[in-house]
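To start, the structure itself, in structure tokens.
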Amino acid sequence: MRIEQDVKLDFKDVLIRPKRSTLASRRDVELDRQYKFKWSGRLFGGVPVVAANMDGVGTFAMARAFRELGCGMTVALHKHYPLDDLVAFFDAEGGANVWYSIGITDGDVEKLRAFLDSRPQQEGRGIDKLCIDVANGYSEQFVDFVKRIRDIVPETTIMAGNVVTGEMVEELILSGVDVVKVGIGPGSVCTTRKMTGVGYPQLSAIIECADAAHGLSGLVCSDGGCTVPGDLAKAFGAGADFVMLGGMLAGHDQSEQAVVEENGERFLQFYGMSSSMAMEKHAGGVAEYRASEGKSVRVQCRGDVRGTVQDILGGLRSACTYVGALRLKELSKRTTFIRVSQQLNTVFGDE
Ligand code: 5GP
């Protein structure tokens, strides 16, 4: 047994110190990022915020709303859409602002192959961006799986995870991953930390993983734990290249979930992809999604996602003006975190 004595930090443990700035308005801030992916060689241009591949969030409707809004954000589609629906969506609307998602079962690979075979004439065989999710990003089986998928789609950008430590980020990048997904346990409907005692505070995970990835020309996506726009600013400030959101984008008209009305209020269920609700819904389709179970929460319907997107991007722009970052790209260089006490954060969080 060993104990690491370094303190590891979460979003709630820090604030961003303001800095002198010449920026007059948040409107002047450029949130688009341009990346060239290490393995696919493809270019990304857009706002690097991704809707999580979860029921109620990673939906076709969400992708449509993002596109119509012109916000530049992308959607990792949940993996439970039937093949025909996926093909119809890609045929009609293209795959430019979505990540096709898979797990590591034989069924996932068969479905992927069938999808690719149905669109052989398309560039990259029809998939720009692919997201591979697994219960435990530390298994050798996962690394082998990633290599296998890289061989099947050499020109597709691959995001894969989740892990939280530098050495595993390096291994995944060297195995063909363009963007490593970082986060074990921070999700709003995740119970991994409670059920297994395993996890890593998200801010420190981003800092350490981004450092490892950037050294190999790879990228990281911070996945989970953002509850307010300021958390995205902290994630980007810590070095994240992408940020993935579940709970913050849940409960909207784009959820494709059943809505229940009670006393004039509208509610829907938002649940983890390994929660018993997800298991029931997908009838044994997912034996396991993350290291442990997830939970289900009832959320009040929040209307169209457009308002939420504007809040998120407005918060990010504002964070950039506070530290004098003309572009999101500069946020990390301009960020100094100050550690704050839990008590201060409670007051801050309640404001
Ligand atoms: P959020 O933005 O809601 O805090 O976190 C979203 C992330 O939580 C997802 O992208 C995914 O990585 C993770 N997640 C989703 N469902 C589950 C689950 O059932 N169990 C666990 N452990 N993590 C989940």
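Counting convention: from 1, in listed order, for ligands and their atoms alike.
- Some N or O of Met273 is nearer than 3.5 Å to an N or O of ligand 1, by distance alone.
- Between Leu245 and ligand 1, not a single N/O pair is under 3.5 Å apart.
- Ranked by closest heavy atom to atom 12 (O) of ligand 1, the top entry among Asp223, Val198, Leu249 is Asp223.
- In this structure, Gly225 has a heavy atom closer than 4.0 Å to ligand 1.
- Below 30°, between 30° and 60°, or above 60°: for His282 and His80 the angle between ring planes is below 30°, a parallel geometry.
- Using a 4.5 Å heavy-atom cutoff, the side chains of Gln300 and Arg302 are not in contact.
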Listed pairs under 3.5 Å, donor-acceptor, residues 235-252 side chains, sequence neighbours left out:
from   : atom 1 : to     : atom 2 : distance (Å)
Asp241 : OD1    : His214 : NE2    : 3.1
Asp241 : OD2    : His214 : NE2    : 2.8
Asp241 : OD2    : Val220 : N      : 2.8
His252 : ND1    : Leu249 : O      : 3.0
His252 : ND1    : Ala250 : O      : 3.3
His252 : NE2    : Thr308 : OG1    : 2.6

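- Looking at Cys190 next to ligand 1, no N or O pair under 3.5 Å apart turns up.
- Those atoms of ligand 1 that come under 4.0 Å of a heavy atom in Met244, given as number and element, are 10 (O).
- Note: no N/O pair closer than 3.5 Å links Lys181 and ligand 1 by distance alone.
- The shortest heavy-atom distance from Met248 to ligand 1 is not under 4.0 Å.
- Remark: among candidates Gly185, Pro186, Gly58, Gly224, the nearest residue to atom 5 (O) of ligand 1 is Gly224, based on non-hydrogen atoms.
- Within the 4.0 Å heavy-atom criterion, neither part of Lys295 lies near ligand 1.
- Every residue two or more places apart in sequence or in another chain that forms a side chain to side chain contact (heavy atoms under 4.5 Å, CB included) with Glu256 is listed here: Thr59, Phe60, Ala61, Tyr81.
- Atom numbering of ligand 1 starts at 1 in the shown order; those under 4.0 Å from a heavy atom of Gly247 are 1 (P), 2 (O), 3 (O).
- The distance from ligand 1 to the heavy atoms of Gly294 drops below 4.0 Å at these ligand atoms: 18 (C), 19 (O), 20 (N).
- When all heavy atoms are compared, the tightest approach of Asn162 to Asp133 is OD1-OD1, 3.8 Å.
- Figure legend: Arg298 and Phe267 shown as a cation-pi pair, the cationic atom lying under 6.0 angstrom from the six-membered ring centre and within 45 degrees of its axis.
- Close approach of ligand 1 to Ala52 (heavy-atom distance below 4.0 Å) involves ligand atoms 10 (O).
- Residue Ser274 has at least one nitrogen or oxygen atom sitting less than 3.5 Å from a nitrogen or oxygen atom of ligand 1, judged on distance alone.
- Using a 3.5 Å distance cut-off with no hydrogens or angles, the side chains of Tyr138 and Thr165 do pair a donor with an acceptor.
- Taking 4.5 Å as the limit, every side-chain heavy atom of Thr335 sits out of range of all side-chain heavy atoms of Arg17.
- Close approach of ligand 1 to Met54 (heavy-atom distance below 4.0 Å) involves ligand atoms 6 (C), 9 (C), 15 (C), 16 (N).
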inquiry  = Between Arg64 and Glu93, does the side-chain contact (heavy atoms from CB on, under 4.5 Å) criterion hold? Intermediate values first, please.
reply    = CA-CA 8 Å; Arg64 254 172 232 134; Glu93 308 187 36; 2.8 Å; yes
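- Using modelled atom types, one finds no donor on one side chain facing an acceptor on the other under 3.5 Å when comparing Thr74 with Lys129.
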